[in-house]
Amino acid sequence: MTTIHTGDRTTGCDECAKNDYLQEILEQNRWTHIADDMTGALEAWVSNSPTYYKWEKHEEWVSEFEEAYQGNWGSRQDFADHLADETLTYDLPEVAQLYFDYEKFARDLFYGDYWESNGFIFRNN
């Protein structure tokens, strides 16, 4: 028998409750125009964050999510390259940029400052 998850937290089904809270969070924060991306990001945040979050207490942690969420990237390297170009190498002369090691920078970012789940990048708070 297949369960149909209606997204109604009153049914007692954990999956339905999660979907209902997701929709509520999207609407309250006016994220419905980017709902697909934000739904995946919210699920990744709640599932993989070093802190345990409950859907029903989302009012308490949405601001933490917003601070930590860095977007959906094709790879860790793509994110690191963008971050380096925006913050570190943008004003370096081209000859100096040749010596910047983007791969090591990406590796080091994810040792402690950032984490990734399914392409969603988050900064540790």
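Start at 1 with the first residue, then count along the sequence.
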For residues [X] and [Y], report the shortest heavy-atom separation together with the two atoms involved.
| X | Y | answer |
| --- | --- | --- |
| Thr87 | Leu83 | OG1-O, 2.6 Å |
| Glu67 | Arg123 | O-NH2, 2.6 Å |
| Glu43 | Ser47 | O-OG, 2.7 Å |

Open item on the list: Restricting to ring-ring contact (aromatic ring centres under 6.0 Å, His included), what partner residues turn up for Phe122, sequence neighbours left out?
Closed with: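 ring-ring contact (aromatic ring centres under 6.0 Å, His included) check on Phe122 returns Trp45, Tyr69, Trp115.
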
Task: Connected via hydrophobic side-chain network under 4.5 Å: Val62 and Phe120 - done: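 Looking at the clustering, Phe120 is in the same group as Val62.
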
Task: Shared hydrophobic cluster for Met38 and Ile121 (ILVMFWY, side-chain gaps under 4.5 Å) - done: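 No; tracing contacts between hydrophobic side chains, which count when under 4.5 Å, never links both residues.
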
Task: Backbone N/O of Arg107 and side chain of Arg76: donor-acceptor pair under 3.5 Å - done: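 No, because the side chain of Arg76 does not come within donor-acceptor range (under 3.5 Å) of the backbone of Arg107.
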
Task: Heavy-atom donor-acceptor pair, Asn72 side chain to Ala41 backbone, under 3.5 Å - done: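 Not confirmed, Asn72 side chain does not pair with Ala41 backbone.
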
TODO: May I ask you to decide if the ring planes of Tyr102 and Phe100 are parallel, tilted or perpendicular, using 30° and 60° as cut-offs?
DONE: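 Answer is perpendicular, since the angle exceeds 60°.
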
Open item on the list: For Glu103, I'd like to know if atom CD has over 12 heavy atoms of other residues, nucleotides or ligands within 6.0 Å.
Closed with: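 Open: at most 12 neighbouring heavy atoms sit under 6.0 Å from CD of Glu103.
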
Open item on the list: Do Glu116 and Phe79 make a side-chain contact, defined as non-hydrogen atoms from C-beta onward lying under 4.5 Å apart?
Closed with: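 A side-chain contact is absent here, since even the closest heavy-atom pair is not under 4.5 Å.
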
TODO: Mind jotting down which residue pairs meet the salt bridge (Lys or Arg N to Asp or Glu O under 4.0 Å) criterion with at least one end in residues 78-88? Sequence neighbours excluded, please.
DONE: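 Non-adjacent pairs meeting salt bridge (Lys or Arg N to Asp or Glu O under 4.0 Å): zero.
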
